[in-house]
Every structure is written in structure tokens, then in C-alpha cells.
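Report on the structure given below.
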Amino acid sequence: MKRYSFSNLILVLGLLFIYLPMVLLVIYSFNASRLVTVWGGWSLKWYAGLLDNSQLMGAVMRSLEIALYTAVTAVALGTMAAFVLTRIPNFRGRTLFGGLVTAPLVMPEVITGLSLLLLFVAMAQLIGWPAQRGITTIWIAHTTFCSAYVAVVVMARLRELDQSIEEAAMDLGARPWKVFFLITIPMIAPSLAAGGMLSFALSLDDLVLASFVSGPGSTTLPMEIFSAVRLGVKPEINAVASLILLVVSLATFIAWYVSRRAEKRRVRAMRQAMDEGAKQNWQPATSNVATPPSAHS
């Protein structure tokens, strides 16, 4: 009989600690009772009730919109910062710039949110923008926070790349911007996708920053859930959380499947290239073998 080691036991307990609450959340989203802690049978009425809860669905759509904008912008800014820090090793102020890029990673969100709030208030008094806090200010705050994570992920990938491919392309006459878009970007595409997904999840989950820089009519889903939980968990919250889990799981599976197929195609192409190279090296070797003299000569 196979004996389970202590490490396997810790692994199982850790996975249960992480995923068991999610499973219970999904199960209780089908609870027919209005009391969350009392099981009243299976029902889909809370999912159907989401269509009538315009306030909650508005917060969901607003959070998804902000998360999408944040993911795109954070990937662009984080990639540029990572490229500067890895491809331009010597420039004045590099240490200061690197510290500013990674500062949001170690800065408490309360400090970041308060600083951004004071910045927006001062800008509104000086230049009149932003006139009021809303989706735009939340988007700027989330981008500031998530760009640091993207920069760290992309920097780790850029340091592992072989720069000889980029140098060979520039030796053949390609301009730096063309090398960046046609060679560097495809090679770091997995890290860009990882940074985008991480930024999307962080923006969708953020509560502290959004609480500081949001205004009337810009309540996000975490803010809506937090305000509702203080009065008691509603069954609609379980339903919308289950739908978000489903969407995130499907998106993660699709990303894994696409990356897996791309990796298989890359490995297959490398094997074909190696086989063709081996055949080309073998044919000249066999053609140079001397023909033995004929017996009649």
C-alpha cells in the first residue's frame, strides 16, 4: 500500500483550505433559502434574480470594464519600463527609476490610495481635471498599481532571452522598432499574457484603491459586496461570485490550451528544422565517399 508523505498531506490540506470555500460558495449559490446559512433545497432563482438587480450588475460591468482597461494599459507601461531597465543598463537615474517602478509592490495600498486622492484633488484645483472622481481615476490608480507587477514579470523574461537573435536581425538591416515588434514581442508573449491576466485579476479584486479614488456612480463590485456584507451576505452575491469563478476558470483554461498548442507547434517546428539540418549534413558526407574501383579496371 502506498503511504502518503507529510508533504503530500500538507499539499492536500493547503488545496482544501484554498478551494473548499469556493466550492461551498458555488453550492450555496443554488440555495433556495434566503438565509445563506440555512439550506433550503436547490434553486436557480438567485441567478435569475441577477437580471433584476441593476445595481449589482452595473457594478459587475463597471469592474470588468475598468479591469480590461487596466490590463491593456498596465501591460504597455510595464513592458516599456522592463525594456528600459533590461536593455539600457547604463543611464543616469537608473536606480531611482527602478525603485519608482517597483515601489507599488511594497507600498501599502492605503498609502498609495491616499497619495493618489491628494494628487487628483490638487490637479482638480490647479487645472480643473479631473472634475470629479469616477471610472477614469480608478483606472489610473489601478494602472499605477498593476504596472509594477507587469514590469517584474516581463523583466524576468527579458533577462532570459538570447539577444543574439535581436542583434542578428539588426545586423541584417532591421530597425530597432521592427526588431522589438517582430522578434522581441513574440518571444515575450507568454509573459505579456501572464502580466495582463494578473493585472486584470488585481484590478477586479481591488477594494482599497477604488475606495479612495472613486466617486458617485462609480461603485465597483468589491465595493458593492463589501457594503452589502456589512448588512449580511445576500444570495445574489453568491450567484455573481460563482459566475465570476466560472468566467475566470474558462479564461484560464482557454489561455492554457492556446499556450499549450503554441508550445507544441514550436517544438514540432524545431524538430523538423533539426531533422532537415541533419539530412542536409548527411547528404554531402555520403556524396564525398570515394567510389571503389571496378574489378575490370
Side-chain angles (χ1 to χ4, degrees), residues 4-71 74 105 109 138 142 145-146 149-150 153 190 193-211 219-260:
Y4 290 94
S5 62
F6 178 75
S7 59
N8 292 333
L9 177 62
I10 295 299
L11 176 62
V12 172
L13 292 178
L15 293 176
L16 289 176
F17 180 78
I18 295 174
Y19 291 104
L20 185 59
M22 298 183 186
V23 175
L24 293 177
L25 173 69
V26 174
I27 293 176
Y28 273 92
S29 66
F30 297 98
N31 187 12
S33 175
R34 179 170 291 274
L35 299 177
V36 179
T37 57
V38 178
W39 181 256
W42 299 92
S43 176
L44 294 174
K45 64 179 182 179
W46 305 120
Y47 288 92
L50 289 177
L51 300 177
D52 299 329
N53 194 337
S54 59
Q55 183 177 357
L56 185 60
M57 294 306 298
V60 171
M61 299 305 298
R62 196 175 299 114
S63 295
L64 293 176
E65 180 183 2
I66 295 173
L68 180 61
Y69 296 159
T70 300
L105 296 175
E109 289 189 45
I138 298 175
H142 286 183
F145 177 68
C146 296
Y149 290 88
V150 177
V153 174
M197 295 177 64
L198 181 61
S199 301
F200 187 89
L202 290 173
S203 176
L204 191 64
D205 180 66
D206 178 73
L207 173 64
V208 178
L209 290 178
S211 299
T219 303
T220 60
L221 179 62
M223 297 172 60
E224 182 70 24
I225 293 177
F226 180 74
S227 60
V229 165
R230 289 184 297 179
L231 302 177
V233 180
K234 298 180 181 179
E236 291 90 347
I237 297 178
N238 292 339
V240 72
S242 300
L243 290 177
I244 292 176
L245 284 176
L246 177 62
V247 172
V248 171
S249 301
L250 289 177
T252 304
F253 175 77
I254 292 173
W256 168 82
Y257 182 75
V258 171
S259 62
R260 182 169 175 266

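Keep in mind it's a predicted model, so treat the numbers as computed, not measured. No hydrogens, no waters, no symmetry mates; every other heavy atom, side chains included, goes into these values.
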| Looking at CG of L51 and CG of L56, how far apart are the two atoms once the value is rounded to the nearest 0.5 Å? | 11.0 Å

| Okay, side chain of R34, backbone of P235: is any donor-acceptor separation there less than 3.5 Å? | no

| task | Please report the shortest heavy-atom distance between T219 and M223, naming the atom on each side. | result | CG2-CB, 3.7 Å

Pairs under 3.5 angstrom only: tabulate donor-acceptor contacts from the side chains of residues 200-208 to other protein residues two or more places apart or in another chain.
{"from": "S203", "atom 1": "OG", "to": "H142", "atom 2": "ND1", "distance (Å)": "2.8"}
{"from": "D206", "atom 1": "OD2", "to": "H142", "atom 2": "NE2", "distance (Å)": "2.9"}
{"from": "D206", "atom 1": "OD2", "to": "L209", "atom 2": "N", "distance (Å)": "3.3"}
{"from": "D206", "atom 1": "OD2", "to": "A210", "atom 2": "N", "distance (Å)": "3.0"}

| query | Between A239 and Y47, what is the shortest heavy-atom contact and its length? | reply | O-CE2, 3.6 Å

| task | Walk me through it: do W46 and V240 pass the test side-chain contact (heavy atoms from CB on, under 4.5 Å)? | result | CA-CA 9 Å; W46 305 120; V240 72; over 6 Å; no

| field | For S54, all residues meeting side chain to side chain donor-acceptor pair (under 3.5 Å), sequence neighbours excluded | value | none

| said: Before you tell me yes or no, could you show the steps for L64 and V247 under side-chain contact (heavy atoms from CB on, under 4.5 Å), namely the whole-Å CA-CA distance, both residues' side-chain angles and the distance that decides it to 0.1 Å? | reply: CA-CA 11 Å; L64 293 176; V247 172; over 6 Å; no

| OG1 of T220 to CD1 of I225: how many Å apart, nearest 0.5 Å? | 9.0 Å

| Atom pair OG/CD1 of S249 and I244 - distance to nearest 0.5 Å | 11.5 Å

| said: Within the 3.5 Å criterion, strictly below it, is a donor on S199 or Y149 matched to an acceptor on the partner's side chain? | reply: no

| Under 30°, 30 to 60°, or over 60°: which ring-plane class applies to W39 and Y28, parallel, tilted or perpendicular? | perpendicular

| task | With side-chain contact (heavy atoms from CB on, under 4.5 Å) as the test, would you mind laying out the steps for T70 and F145 before giving the verdict? | result | CA-CA 9 Å; T70 300; F145 177 68; over 6 Å; no

| Contact summary for V38 and S33, nearest pair of heavy atoms | O-CB, 3.2 Å

| query | Got a second to check how far L221's CG is from M57's CE, nearest 0.5 Å? | reply | 9.5 Å

| message | Return the CD to CD distance between E236 and Q55, rounded to the nearest 0.5 Å. | response | 11.0 Å

| request: Taking the side chain as every heavy atom from C-beta outward, state whether L243 and L50 have any atom pair closer than 4.5 Å. | output: yes

| Looking only at atom types and distance, does a side-chain atom of N31 sit under 3.5 Å from a main-chain N or O of G40, one as donor and one as acceptor? | yes

| field | Separation of L16 CG from L11 CG (nearest 0.5 Å) | value | 9.5 Å

| task | Before giving the answer on side-chain contact (heavy atoms from CB on, under 4.5 Å), spell out for L25 and L245 the whole-Å C-alpha distance, their side-chain angles and the decisive distance to 0.1 Å. | result | CA-CA 10 Å; L25 173 69; L245 284 176; 4.1 Å; yes

